[in-house]
Amino acid sequence: MTRLSEYLLPTERKAPADAEAISHKLMVRAGLIRQIGAGMWTWMPAGWRVHQRVVSIIREEMDAIGAQEMLMPVLQPAELWRKTGRIAIDELFKLHDRKGAELVLAMTHEEAVTTHVAQVVRSYRDLPKILYHFQVKERDEPRPRAGVLRTREFVMKDSYSFDRDDQGLAKSYDLHVGAYDRIMERTGLRFYCVEADVGMMGGLGAHEYMAPCPAGENEVVLAGSYAANIEVASATPQQVQLTEPLPQPRELSTPGLTSVEEVATSLGLAPGALLKAYPVVVEAGAARAKTGSAGNVGNAKEGGAGGASTSEAPADRLVLVLVRGDHMVNEIKLGLALGARSRPARPEEISAQLGPPGFIGPVGLDGRVEILLDNAVAERLDATEGGYVTGANRPDTHLTGVRPGRDFAFRAVDVRSVCEGDTIDGVPVTIEPAIEVGNIFKLGLRYSEPLGATYLDENGVQQAIWMGCYGIGPARIAAAAVEQYADEQGISWPKALAPFALHLVAVGKQGSPEREAGERVYEALRAAGVEVLYDDRDVGPGEKFADAELLGCPLRLTVGKRALESGEIEVQVRRGRAAAPGLPLGGDAPTLAAGIAELWQDLP
RNA sequence: CGGGGAGUGGCGCAGUCUGGUAGCGCACCCGGCUGGGGGCCGGGCGGUCGCAGGUUCAAAUCCUGUCUCCCCGACCA
C-alpha cells in the first residue's frame, strides 16, 4: 500500500544533538515527528499513522461504553473561563481578536461542554450522558521537554460524564475505568492505574494511568496490589537504626552545621535521628483551589488559582513542618494537610519568627507558630528512644533528646514522601518513574455550579449535575511505547500501534530478479489488504535494514537472493530481532495473508 | 523565574580565544562501480555564520542589545 520511494519518511542517522529522551531521539530519527518550535511538533505521515492507531483504539472503547463523540472549539470566549475562575491559570493562552474581545485557547474543555449541557439538559430524563472529543489542547507550559512527552499543543481525548447524583457519577467513573483498562491493554503498553491526588474536591476520587519508563516525569509507588502516585502515596517508614547513642549534653555546639547531613555526620548519627524543620508560609488568600479537569494527560497539571476569593485579607501565616531527617516533605500532601497552598519561608521570615536558618527547631516556640509533625515521627516515638536532634533556634546550636509532645505541641499529619525502604503491609515499596498517559477524575459540582448546569428531578426540584472528566493523550501513549520497547536498533512497536504491519525489504539492484520478486510479493500483500511498507528505494541493503529496524514495524519481510534460492520469504520479528518461519515466495494473496495472520497472532 | 549550554548548508560539527576570500563528514544532484547490514570512485549544487546595532580598512570571530532552542531546577487540578 505504500512504497518507500514515494513516501515522506525522513529518517536520520543521528539524533538531534539536544535530544535526551529515547522517544525524542528515536521518533525524530525514524521520521515520525519534527519540531517547529519549543513544545510544538508536527506529526509526519508515519508518525500520524501511529497516532491515529491510538485514536482508533480509544474511540472504539469510548463508543463501547456509550460515549458520544463530538467536537468543540479550541478558540473560546474568555468570559466562560472567568465564570469558572480558570482565567487566572498561567498556562492558559489568552488573546484578543481584532475587535479587542478577549479570547482564550482551551487547555481542556470543561467550560465548553458544561455550557452546552447547561443549555440542553433540562430533565433527569436527559441524564446520564457521556460526551467526548479528540481535540487539540493549548498550554503555555513553563518548560516543554522530551519531544512529544510534554508539549504546548497536543491532541487529547477528553470525555465528560453528566449524572444526576454521586452514585451516577460513580457508575460513569467505573465505566471509564473499564474503558481505560481495555485501551491500555490493547495498546500493548505496560501500565499501572494508580491512586492520584483528589485535592480539595472532597476525595471524590481520581486515578492516573501511568506507563513506566525512565523518561517519565512522575513517580509511582508500588507494593503488592498497592499503586499510587508518589504525590499521594503513604507507607510505613523504615525504623531508624541508631549506631551511636545520642550525645548526652542537652545542648550541642554545632558551628556552621546547617544541614541535616552535616549535623548527622558530625555527631555520627543516622539522619533519621534528626528532625528536619521545613518552615513554610501560607499566603493570605491562597486557598488551595483545585480546578479539576481532564487535564494532565498529555501534559502539565493546570495551575489552580481558580477563583480564590479574597474578600477578607488574613495575614500570611508561618507554619513549621517537621519530618524525620531522612525524609522529604511532599508538597502535595502538605497542601492537603494545610488546606491551602504554601511556599517555603524566606530566610528573613525564618529569622524573624523562629531563629537563624539552619538552626531552627520546634522547641520554645510557645504556640507562636503552628507545628505540623509528620506521622513517621508522631506515630513512632519509639524509633529513637532518646528523642531527636533538632535546631535550637539559636546560632550554631542544636538540641538533643527532643521529644514530641513533651518538648513541643504538634499536629500529626502525613506530609512526607514515600521513599525506598518503606513498606506497605510488610511489602517493601518500589518507586518507578512513569509517564502519565491518562487520568480519570470525579469533578462533582466544580463546573456545573458556576456554569449553571442543572436538571429538574422527578419532584420538579432543580439539582446540580454531577460531573466527571477523563483524559487520555495519544501522543504520550505513542511515546511511552517507544520508551518501553526500543532497543539498540530503534523502535519496536507493539503490534497495535505500528505504523505498518510489515516492512518489506527487497534487496538487489533495480530490475534484478530479486527486485521483481519483491514487486510480486508487494502486490500480493496489497491485494490481501495487508498494511505493508515496501522499501523499493535504490539504496544498499544495509540502509534498508537499518531503516526498517529504526522504524520498528513488528514484522520485516526480506526478498533477496536467499529467498529466490530457498523459495521462502525471510521473516524477522522486530521484537528481539528473531527469525520466524518463512513464507512461500510464490504464494498468492490469500496464502500470504493467512501466513501473516498466523505470525501476527503471536506478536506482542 | 533561577542556573547551565547552544545557534555556522537538510543533519552532525570545526573555525571564534589571536579579526584578513566560510570549512569537514553525512545527506542531496550527475556519472560509474557495488548489491544481504548505513559500500566505493569521480564530478557538482547548496550557507544573509539567529537577528539588530556598534568598533574596524576589514567581523562568523571584538562590543552592546535582542530573539530562539536545549538541559537541570522552580513551577505544574
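Every chain is numbered from 1 and lettered A, B, ... according to where its sequence line falls, protein lines coming before strand lines.
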| task | Could you give the distance separating B:A52 and B:G20 at their C1' atoms, to the nearest angstrom? | result | 24 Å

| query | With a non-hydrogen cut-off below 4.0 angstrom, is A:Glu570 in contact with a base, only sugar-phosphate, or nothing? | reply | base

| Taking CG from A:Asp140 and C1' from B:C75, how many angstroms apart are they, rounded to a whole number? | 12 Å

| query | Where do A:Phe441 and A:Tyr173 come nearest, in terms of heavy atoms and distance? | reply | N-CE1, 3.7 Å

| request: Could you tell me whether A:Asp538 contacts a base, only the sugar-phosphate backbone, or nothing, with contacts defined as non-hydrogen atoms closer than 4.0 Å? | output: base

| query | Do any N or O atoms from the side chain of A:Arg150 and from the backbone of A:Pro144 form a donor-acceptor pair under 3.5 angstrom? | reply | no

| remark: Here the distance between atom C1' of B:G10 and atom CG of A:Leu8, to the nearest Å, is 13 Å

| said: Let me confirm one number: the CZ-CG distance from A:Arg86 to A:Leu80, rounded to the nearest 0.5 Å. | reply: 10.5 Å

| task | Check every strand shown and say whether A:Ser512 touches a base, only sugar-phosphate, or nothing at a heavy-atom separation below 4.0 Å. | result | nothing

| task | Tell me which nucleotide among B:G36, B:G35, B:C72 gets nearest to the side chain of A:Lys509. | result | B:G35

| field | Nearest-angstrom distance, C1' atom, B:U16 to B:U61 | value | 4 Å

| N-O pairing of A:Arg537 and A:Asp547 below 4.0 Å | yes

| request: Any strand is fair game: report the nucleotide pairing with B:C62 by Watson-Crick or G-U wobble, both distances under 3.5 Å, or none. | output: B:G54

| query | Taking the same atom, C1', in B:G15 and in B:G35, what whole-Å distance lies between them? | reply | 39 Å

| Which sits closer to the 5' end of RNA chain B, A:Gly542 or A:Pro16, going by the nucleotide each is nearest to? | A:Pro16

| query | Using 4.0 Å as the upper bound for N to carboxylate O, is an ion pair formed by A:Arg145 and A:Glu217? | reply | yes

| task | Scan every strand shown for a Watson-Crick or G-U wobble partner of B:G42, both distances under 3.5 Å, and answer none if you come up empty. | result | B:C30

| task | Can you tell me, in whole Å, how much space there is between the C1' of B:G36 and that of B:C17? | result | 50 Å

| Taking the six-membered ring for Trp, are A:Phe500 and A:Tyr7 ring centroids under 6.0 Å apart? | yes

| said: What contact category does A:Arg515 fall into here, base, sugar-phosphate, or nothing, at under 4.0 angstrom with non-hydrogen atoms? | reply: nothing

| request: Starting at atom CG of A:Asp90, determine the distance to atom P of B:A74, rounded to an integer number of angstrom. | output: 17 Å

| field | Nearest-angstrom distance from the residue atom CZ of A:Arg537 to C1' of B:C28 | value | 14 Å

| request: Please state how far atom CZ in A:Arg150 lies from atom P in B:C70, giving the value in whole angstrom units. | output: 13 Å

| message | Does B:A74 have OP1 or OP2 under 4.0 Å away from a side-chain N or O of A:Arg143? | response | no

| said: When both hydrogen-bonding distances must be under 3.5 Å and the geometry is Watson-Crick or G-U wobble, what is B:C1 paired with, if anything? | reply: B:G73

| request: Taking only the side-chain heavy atoms of A:Arg145 (C-beta and beyond), determine which of B:G36, B:G37, B:C72 contains the nearest atom. | output: B:C72

| So what does A:Lys561 touch, heavy atoms closer than 4.0 Å: a base, only the sugar-phosphate, or nothing? | base

| message | Can you tell me the base-pairing partner of B:C17? Count Watson-Crick or G-U wobble geometry only, both distances below 3.5 Å, and say none if there is no partner. | response | none

| query | Quick one: does A:Glu543 reach the base of B:G37 with a side-chain donor-acceptor pair under 3.5 Å? | reply | no

| remark: When rounded to whole Å, the CG to C1' distance for the pair A:Leu149 and B:C70 reads 15 Å

| Reckon A:Ala38 touches a base, only the sugar-phosphate, or nothing at all at heavy-atom distances under 4.0 Å? | sugar-phosphate

| Check: B:G35 base within 3.5 Å donor-acceptor of A:Arg562 side chain | no

| Which atom of A:Gln76 lies closest to which atom of A:Ala106, heavy atoms considered | NE2-CB, 3.4 Å

| request: If B:A6 has a Watson-Crick or G-U wobble mate with both distances under 3.5 Å, name it; if not, just say none. | output: B:U68

| Gap in Å between the two P atoms, one belonging to B:C51 and one to B:A59, rounded | 15 Å

| request: Indicate, with a heavy-atom threshold strictly under 4.0 Å, whether A:Arg29 touches base, sugar-phosphate, or nothing. | output: base

| query | If you check every side-chain atom of A:Lys14, which of B:G35, B:G36, B:G12 has the closest atom? | reply | B:G12

| task | Could you check whether A:Val539 gets within reach of a base, just the sugar-phosphate, or nothing at all, counting any heavy atom under 4.0 Å? | result | base

| query | Given that A:Gln572 and A:Ala146 both sit by RNA chain B, which one's nearest nucleotide is further toward the 5' end? | reply | A:Gln572

| message | From CD of A:Glu20 over to C1' of B:G5, roughly how many Å is that when rounded to an integer? | response | 11 Å

| Any idea which of B:G36, B:G10, B:C69 is nearest the A:Arg152 side chain? | B:C69

| said: Distance check, C1' atoms only: B:U64 and B:C69, in whole angstrom units. | reply: 22 Å

| Taking any strand in view, what nucleotide pairs with B:G37 in a Watson-Crick or G-U wobble way, both distances under 3.5 Å? | none

| said: Distance check, C1' atoms only: B:G12 and B:G47, in whole angstrom units. | reply: 16 Å

| message | Is the ring pair A:His176/A:Tyr470 parallel, tilted or perpendicular, if the boundaries are 30 and 60 degrees? | response | parallel

| request: Could you tell me whether the phosphate oxygens of B:C70, OP1 or OP2, come under 4.0 Å of any side-chain nitrogen or oxygen in A:Gln35? | output: yes

| field | Protein-nucleotide distance (A:His24, atom NE2; B:C11, atom C1'), rounded to Å | value | 13 Å

| query | Whom does B:G25 pair with, Watson-Crick or G-U wobble, provided both distances fall under 3.5 Å? | reply | B:C11

| task | Can you tell me, in whole Å, how much space there is between the P of B:C49 and that of B:G9? | result | 10 Å

| message | Taking the six-membered ring of A:Tyr485 as reference, does the cationic atom of A:Arg575 (NZ for Lys, CZ for Arg) lie under 6.0 Å from its centre and within 45° of its axis? | response | yes

